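This report refers to the structure that appears directly beneath it.
The chain is numbered in sequence order, starting from 1. When a ligand or atom number is given, it counts from 1 through the structure's own listing order. Everything quoted here is computed from the prediction, not taken from an experiment.
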Amino acid sequence: MPKKTKKPWTGRFSKQTNPLVEKFTESLSFDCRIALYDIAGSCVHAEMLAKIGLLKETEAKKIIKALHGIADDISADKAEFHTELEDIHMNIETELGNRIGKLAGKLHTGRSRNDQVALDERLYLRDVIKVLQNCLSDLQKSLVFLASENSQLVIPGFTHLQFAMPVLAAHHLLAYVEMFERDIERLQNQYKRVNVLPLGSAALAGSGFPLDRKFVAETLGFDKISRNSMDAVADRDFFIEFLSAAAIIGMHISRLSEDLILWASQPFGFIDIDDAYCTGSSLMPNKKNPDVLELARGKCARLYGNLTTMLTLTKGLPMTYNRDLQEDKEPVFDSADTLINTLTVIAKLIPTITFRDDKITLALADDFLLATDWADYLVKKGMPFREAHEIIGKIVGLAVRKNCGMTEIPLKELKKLSPLFDEDVLKISTPEASVEAKKSLGSTNPAFVKREINRWKRVLDKR
Ligand code: ARG
């Protein structure tokens with residue numbers, strides 16, 4: 001017998017839907033991804049309908065069993081869906097009818113696709129948030145590993161992409177661990193607004209049946225129940241917040257990638273990335289390109305784009321559900337997939353990085369990196385900082401003119417600028433002494449950084 005593919009809403013229509021319209025309005029091609037969430041919601045809805053007497057126990061059991069059968073077929077990639085049935089919700093309902101006949105028609109009691117889709121989206125997003133938090137933690141672990149492997153290594157620190165002061169490579173890497181920690185927190189923070197049950201709002205006004213929403217919420221693990229049926233079906237803030245968090249994560253990945261791309265470039269040469277994580281040029285035999293990192297940097301564009309899509313989609317929408325909202329899913333799927341893929345590959349790439357001592361030593365030979373240490377040296381001998389800044393500035397200017405390093409200027413000359421200069425200035429004049437001299441909490445002082453590495457290890461091990 002051919003399977004039934006009649007739309008559930010044809011009653012008031014006297015004409016067939018134009019095939020162009022079917023093609024234009026369908027969401028099956030992408031909302032098939034939330035099929036299992038839809039079924040999970042339907043099972044609990046059926047259970048609840050039995051609980052309040054709208055279904056017999058035996059009927060609910062039959063519906064749930066058939067729904068599980070459909071879920072099994074979907075998981076085994078054996079399910080057959082039809083575009084003319086518009087979306088995943090109507091496909092599953094129709095397939096249920098194919099399996100158990102008229103009884104399937106009782107499942108939609110007290111429910112609309114408007115609250116159904118909002119439910120599916122929230123169930124999906126709950127899982128995505130957890131997966132992403134794990135991906136972020138894995139990336140943090142990789143960064144902490146690399147930091148710990150190079151815990152004593154000093155590199156030039158930059159502001160304005162100009163040499164600024166020596167820092168520990170580990171300190172630089174841990175800066176990204178902090179960023180990704182804020183991302184995990186941001187996702188956690190929005191989770192409580194995601195974890196609210198919209199089902200039971202029906203189309204917009206609520207249901208004429210005494211639905212046991214508390215039971216549904218508890219069974220599906222929702223912390224709260226939406227308090228306004230109109231808001232529940234119109235709201236997509238949870239997607240906007242997610243896409244905004246995704247955009248920020250993308251920005252962090254992009255900045256990390258840019259740092260590593262620069263470090264891997266010949267003028268810097270601070271790092272080598274494993275061959276397995278680089279690609280070559282079809283023309284230039286010499287090239288080893290950091291394409292993974294470049295793509296990771298580039299992916300940020302679509303994450304920003306998806307956020308803009310969602311903000312624009314919801315702007316000016318009248319209450320309550322409007323079909324525009326069907327456009328909400330693809331940007332979210334895309335941002336989630338993009339981030340999971342990107343975070344996974346970057347987390348694998350990071351531990352393959354090796355630092356190149358030769359090139360780093362060469363860069364650190366630029367002793368202007370120590371200019372601030374010299375200013376602090378004079379301050380420690382009693383000079384006001386502004387005055388010290390001025391004097392060290394003069395010394396740097398002198399060295400630039402002589403085309404030599406600051407530390408190459410004879411003590412005699414230094415003394416002319418300030419009698420406070422002494423032999424001991426050379427003791428503080430190494431990159432190692434510079435980081436060692438940092439005393440403030442959160443600084444690049446090796447003892448602090450070591451403590452931070454250990455703290456992160458403990459925190460991440462517990463996750
Ligand atoms: N496919 C729709 C969507 O994704 C489901 C909700 C449809 N509701 C409606 N009243 N047509 O938004």
Side-chain angles (χ1 to χ4, degrees), residues 5-13 15-42 45 70 74 79 81-96 104-105 107-128 194 196-208 226 229-240 242-243 306 309-337:
T5 58
K6 188 171 151 301
K7 299 174 186 35
W9 47 249
T10 48
R12 68 102 65 213
F13 288 80
K15 278 189 179 177
Q16 291 267 310
T17 317
N18 184 308
L20 260 181
V21 172
E22 282 181 339
K23 194 160 176 260
F24 185 68
T25 56
E26 69 89 23
S27 54
L28 178 68
S29 53
F30 47 92
D31 65 14
C32 55
R33 283 185 59 157
I34 49 173
L36 294 182
Y37 296 109
D38 196 72
I39 290 177
S42 288
H45 185 65
I70 298 173
I74 293 171
F81 292 137
H82 307 276
T83 310
E84 58 272 29
L85 288 172
E86 223 173 274
D87 57 25
I88 191 62
H89 322 292
M90 297 211 300
N91 265 283
I92 290 172
E93 192 183 324
T94 306
E95 180 56 25
L96 187 66
L107 176 62
H108 214 52
T109 312
R111 183 174 80 167
S112 150
R113 277 183 294 156
N114 298 353
D115 54 346
Q116 192 177 351
V117 71
L119 170 72
D120 297 359
E121 290 178 341
R122 286 171 185 270
L123 289 172
Y124 161 81
L125 192 56
R126 283 196 324 197
D127 280 355
V128 164
V194 178
V196 180
L197 174 82
L199 198 69
S201 304
L204 76 161
S207 168
S226 60
S229 60
M230 295 179 80
D231 178 44
V233 294
D235 173 34
R236 290 295 181 274
D237 291 2
F238 54 99
F239 269 180
I240 297 174
F242 169 70
L243 289 174
N306 290 334
T309 299
M310 187 66 70
L311 286 168
T312 314
L313 183 67
T314 42
K315 179 202 169 292
L317 272 191
M319 289 292 256
T320 48
Y321 177 85
N322 298 270
R323 192 62 177 272
D324 315 43
L325 288 177
Q326 180 166 292
E327 290 283 310
D328 64 351
K329 284 166 269 308
E330 284 164 296
V332 172
F333 294 159
D334 184 65
S335 283
D337 296 345

- prompt: Do T309 and E330 have side-chain heavy atoms sitting under 4.5 Å apart?
  reply: no
- request: With L85 as reference, evaluate T94, I92, L28 under the side-chain contact (heavy atoms from CB on, under 4.5 Å) test and give the passing residue.
  value: T94
- request: Could you list which atoms of ligand 1 come closer than 4.0 Å to a heavy atom of D87?
  value: 1 (N), 2 (C), 5 (C)
message: Give me the nearest non-hydrogen protein atom to atom 11 (N) of ligand 1 as residue plus atom name, then the distance to 0.1 Å.
response: R113 NH2, 3.5 Å
query: Is a side-chain donor or acceptor of D115 paired with a backbone partner of L199 at a separation under 3.5 angstrom?
result: no
field: Within-4.5 Å side-chain heavy-atom neighbours: V332 and Y124
entry: yes
query: Which heavy atom of the protein is the closest neighbour of atom 7 (C) of ligand 1, given with residue, atom name and distance?
result: Y321 OH, 3.5 Å
- request: Would you check the N or O atoms of N114, main chain and side chain alike, for any that come under 3.5 Å of an N or O of ligand 1?
  value: yes
- prompt: Which atoms of ligand 1 have any heavy atom of Q326 under 4.0 Å away?
  reply: 1 (N), 2 (C), 3 (C), 4 (O), 12 (O)
- request: Run the numbers for me: atoms of ligand 1, each under 4.0 Å from some heavy atom of S27, listed by number.
  value: 1 (N)
task: Let me know which of R323, R33, R113, K329 forms a salt bridge (charged side-chain N to carboxylate O under 4.0 Å, His left out) with D87.
output: R113
- prompt: Hey, are E93 and R111 close enough for a salt bridge, meaning a charged N less than 4.0 Å from a carboxylate O?
  reply: no
query: Should you measure from each heavy atom of H89, which atoms of ligand 1 turn up under 4.0 Å away?
result: 5 (C)
Heavy-atom side-chain proximity of L107 to S42 below 4.5 angstrom: yes
- request: Indicate, as side chain, backbone, both or neither, the part of E86 found under 4.0 angstrom from ligand 1 when only non-hydrogen atoms are considered.
  value: neither
- prompt: Is K329 in contact with ligand 1, taking contact as a heavy-atom separation below 4.0 Å?
  reply: yes
